Amino acid sequence: MLKIYGKVEDGTKAEIMGWVLSIREQKTLAFIIIVDNRKQVQLVVNDIKLLNHVRQNAVISASGTVKKTTQAPGGFEIHVNELRLISKVKKEPPFNIMAKELPSIDLRLDNRALDLRRPYNLDLFNIRATLIRSMREHLYSNGFLEVNTPKIIASASEGGAALFPLMYYDKQAFLAQSPQLYKEELTMPFEKVFEIGPIFRAEPSRTLKHLSESVSLDVEAAFFTNEDLMNLIEGLVKDLLSDIWESSSDLLMRIKAPKLNLPERFNRFTYGKIIDWLSENGRKINFGDDLGQKDLELFGSHINDFYFITEWPIKLKPFYIQPKDSEVTLSFDLMYRELELSSGGERVHDPSILRKNLKGAGLPLKSFRHHLIPYYYGMPPHGGFGMGVERFLMTVTGADNIREVSLYPRDVRRLTP
Ligand code: ATP
Ligand code: MG
């Protein structure tokens, strides 16, 4: 908390409360960097007796006068004449938040609140908040309604992906792996909807791009074709990147965020084209097999950009995806190099096809009884996509481990803090 009693000019009285990021002591004076509401402010202590037990991580309050200087963050410093220790450091911290050399990610995550004090993380999570605000604003300005769907659900919405079971009173329930079926139903009353919320997936393998709890931007719109959706997502990505770079370029530069290639138009490659290219380049994939990490790395480094993979085979997609013909679907994945950022497509809106697909996928019709109801009362054709907030943030910041961009990551080994 910073109070400046007047203009930011030499001699103006100021008070500040915050925690100490660093102390640099010289013979007769000391410089303290204090964090005020995520920004750094420099204090100059001319009487080092005032320092007493003040050290890195302590919470202090100080009062004094402003002095303008280009040497200090924000263009001014406070020359202190009163200093009070509010919250002492009671234990030696497990690592120095200002150290150049980072401790292991596990040690940092075990002490996450302390780790989040590192200037890198202050910047990163400011950028994350800007990204989410920008997603929201972009969709509001395109006429989408923000919704919240249940996270405790009675049955699997997609089949495939593994669910976390839980007890719901005396019944078995699950944590929602996506808002898929609800957002589809909501296109009937509301036409265009979006949700920014958690998705839960029991991902048994430990990878650098999967969390058990992640945040997803889910979008669904009546009357949108596959092409409309890809155009929407392309515009969204461009707007998000320009918003972030406009409002947070200093933060992005400090964390050494990469400058991303942003093509005028994102290339669209069919799945069929990609497996042909891969087989010409030494990786044989049978039609209908999923693209693995190695395949995506090879193709992604060849493209080195944002692009879409379209027309995925029917057998790789969930029951609600609209077929294009007897083999492929009206679907797409948005990629940046080898990383999948989003999956989407047109959906089935004919209840008889939906029932047939559910049966074909071996899913019990009984569990989807409620979901099928709107399909008998005028379900519009519709489509949408889900985009992982953490995946997008990895791309923006250049983080190579998804755990870095989640405040309190959950994975197969980590449930705390
Ligand atoms: P992947 O193939 O990378 O495991 P997916 O195809 O299973 O992802 P979708 O069901 O298509 O994932 O989910 C939509 C988006 O949500 C993905 O494109 C991704 O950005 C994000 N996402 C999905 N699962 C996870 C996860 N476990 N951790 C982080 N983000 C995820
Ligand atoms: Mg996907």
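Positions are given from 1, in the same order as the sequence printed here. None of these values were measured; they are calculated from a predicted model. Atoms within a ligand are numbered from 1 in the order they appear, just like the ligands themselves.
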Undergrad: Consider every N or O of Ile199 and every N or O of ligand 1, then say whether any pair is closer than 3.5 Å.
TA: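 N/O-N/O distance under 3.5 Å: no.
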Undergrad: Applying ring pair (Phe, Tyr, Trp, His ring centres under 6.0 Å), can you list everything that pairs with Trp245, at least two apart in sequence or on another chain?
TA: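 If we apply the ring pair (Phe, Tyr, Trp, His ring centres under 6.0 Å) test to Trp245, skipping adjacent residues, there are no hits.
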Undergrad: Does Asn304, at its CG atom, have more than 12 non-hydrogen atoms belonging to other residues, nucleotides or ligands within less than 6.0 Å?
TA: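 Atom CG in Asn304 is packed in, count exceeds 12.
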Undergrad: Which of the atoms in ligand 1, numbered in the order shown and given with their element, are less than 4.0 Å from a heavy-atom of Glu203?
TA: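 The list of qualifying atoms is 24 (N), 26 (C), 27 (N).
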Undergrad: Could you tell me whether Ser343 approaches ligand 1 through its side chain, its backbone, both or neither, with non-hydrogen atoms closer than 4.0 Å?
TA: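 Both the backbone and the side chain of Ser343 come within reach of ligand 1.
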Undergrad: Below the 3.5 angstrom mark, is there an N/O of Ile402, backbone or side chain, next to an N/O of ligand 1?
TA: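 No, no N or O pair falls under 3.5 Å.
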Undergrad: Pairing donors with acceptors under 3.5 angstrom, does anything connect the side chains of Asp106 and Ser104?
TA: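 No, no side-chain donor-acceptor pair sits under 3.5 Å.
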Undergrad: Could you tell me whether ligand 1 has any atom less than 4.0 Å away from a heavy atom of Ser216?
TA: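 So Ser216 does not count as touching ligand 1.
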Undergrad: Check each of Phe385, Phe269, Tyr271, Phe332 against Phe308 using the ring pair (Phe, Tyr, Trp, His ring centres under 6.0 Å) test, and report the only one that passes.
TA: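 Only one option passes, and that is Phe332.
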Undergrad: Given a threshold of 2.8 Å, state how many protein N/O/S atoms are nearer than that to the Mg ion (ligand 2).
TA: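 N, O or S atoms of the protein closer than 2.8 Å: 2.
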Undergrad: For atom OH of Tyr376, decide whether the heavy atoms of other residues, nucleotides or ligands shown that lie under 6.0 angstrom number more than 12.
TA: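 For Tyr376, atom OH is crowded (more than 12 foreign heavy atoms under 6.0 Å).
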Undergrad: Is there a donor-acceptor contact under 3.5 Å linking the side chains of Glu404 and Tyr120?
TA: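 Looking only at side-chain atoms, Tyr120 and Glu404 do not form any donor-acceptor pair under 3.5 Å.
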Undergrad: Please work out whether any backbone atom (N, CA, C, O) or any side-chain heavy atom from C-beta onward of His210 is under 4.0 Å from ligand 1, and answer side chain, backbone, both or neither.
TA: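 Near ligand 1, His210 shows its backbone as well as its side chain.
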Undergrad: Could you tell me whether Lys3 and Asp36 make a salt bridge, using a distance below 4.0 angstrom between a side-chain N and a carboxylate O?
TA: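 Salt bridge flag = no for Asp36 with Lys3.
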Undergrad: Counting only N and O atoms by type, is there a donor-acceptor contact under 3.5 Å from the side chain of Arg347 to the main-chain atoms of Gly383?
TA: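 Pair absent, no side-chain N/O of Arg347 close to backbone of Gly383.
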Undergrad: Which of the atoms in ligand 1, numbered in the order shown and given with their element, are less than 4.0 Å from a heavy-atom of Glu340?
TA: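 Numbered from 1, ligand 1 contributes 1 (P), 2 (O), 3 (O), 5 (P), 6 (O), 8 (O), 11 (O), 12 (O), 17 (C), 18 (O), 20 (O).
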Undergrad: Show me which atoms of ligand 1 lie under 4.0 Å from any heavy atom of Gly386.
TA: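 So the answer, numbered in order with elements, is 14 (C), 15 (C).
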Undergrad: Give the numbers and elements of all ligand 1 atoms closer than 4.0 Å to a heavy atom of Ser342.
TA: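 Under 4.0 Å from Ser342, ligand 1 has these atoms: 18 (O).
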Undergrad: Measure the acute angle between the ring planes of Phe299 and Trp277, then classify it against the limits of 30° and 60° as parallel, tilted or perpendicular.
TA: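 Geometry flag for Trp277 against Phe299: perpendicular rings.
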Undergrad: Strictly below 4.0 Å, N to O, side chains only: are Glu346 and Lys324 in salt-bridge contact?
TA: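 The answer is no: the pair does not qualify as a salt bridge.
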Undergrad: Take every heavy atom of Glu390, measure it against each atom of ligand 1, and state whether any distance is under 4.0 Å.
TA: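 No, that is not the case, since the closest heavy atom of the residue is not under 4.0 Å from the ligand.
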Undergrad: Under 3.5 Å, is there a donor-acceptor pair between the Lys151 and Thr149 side chains?
TA: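 Yes, side-chain donor-acceptor contact under 3.5 Å.
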Undergrad: Which option, Arg201, Met387, Lys209, owns the non-hydrogen atom nearest atom 23 (C) of ligand 1?
TA: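 Nearest option to atom 23 (C) of ligand 1, by heavy atoms: Arg201.
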Undergrad: Relative to atom 30 (N) of ligand 1, which among Ser331, Gly388, Ser214 owns the nearest non-hydrogen atom?
TA: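 The option holding the nearest heavy atom is Ser214.
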Undergrad: Can you tell me if Asp333 has a non-hydrogen atom under 4.0 Å from ligand 1?
TA: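 It does not, in that no heavy atom of Asp333 comes within the 4.0 Å cut-off of ligand 1.
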Undergrad: Is it true that Asp115 and Arg112 have a side-chain N and a carboxylate O under 4.0 angstrom from each other?
TA: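 Between Arg112 and Asp115 there is a salt bridge, with a charged N closer than 4.0 Å to a carboxylate O.
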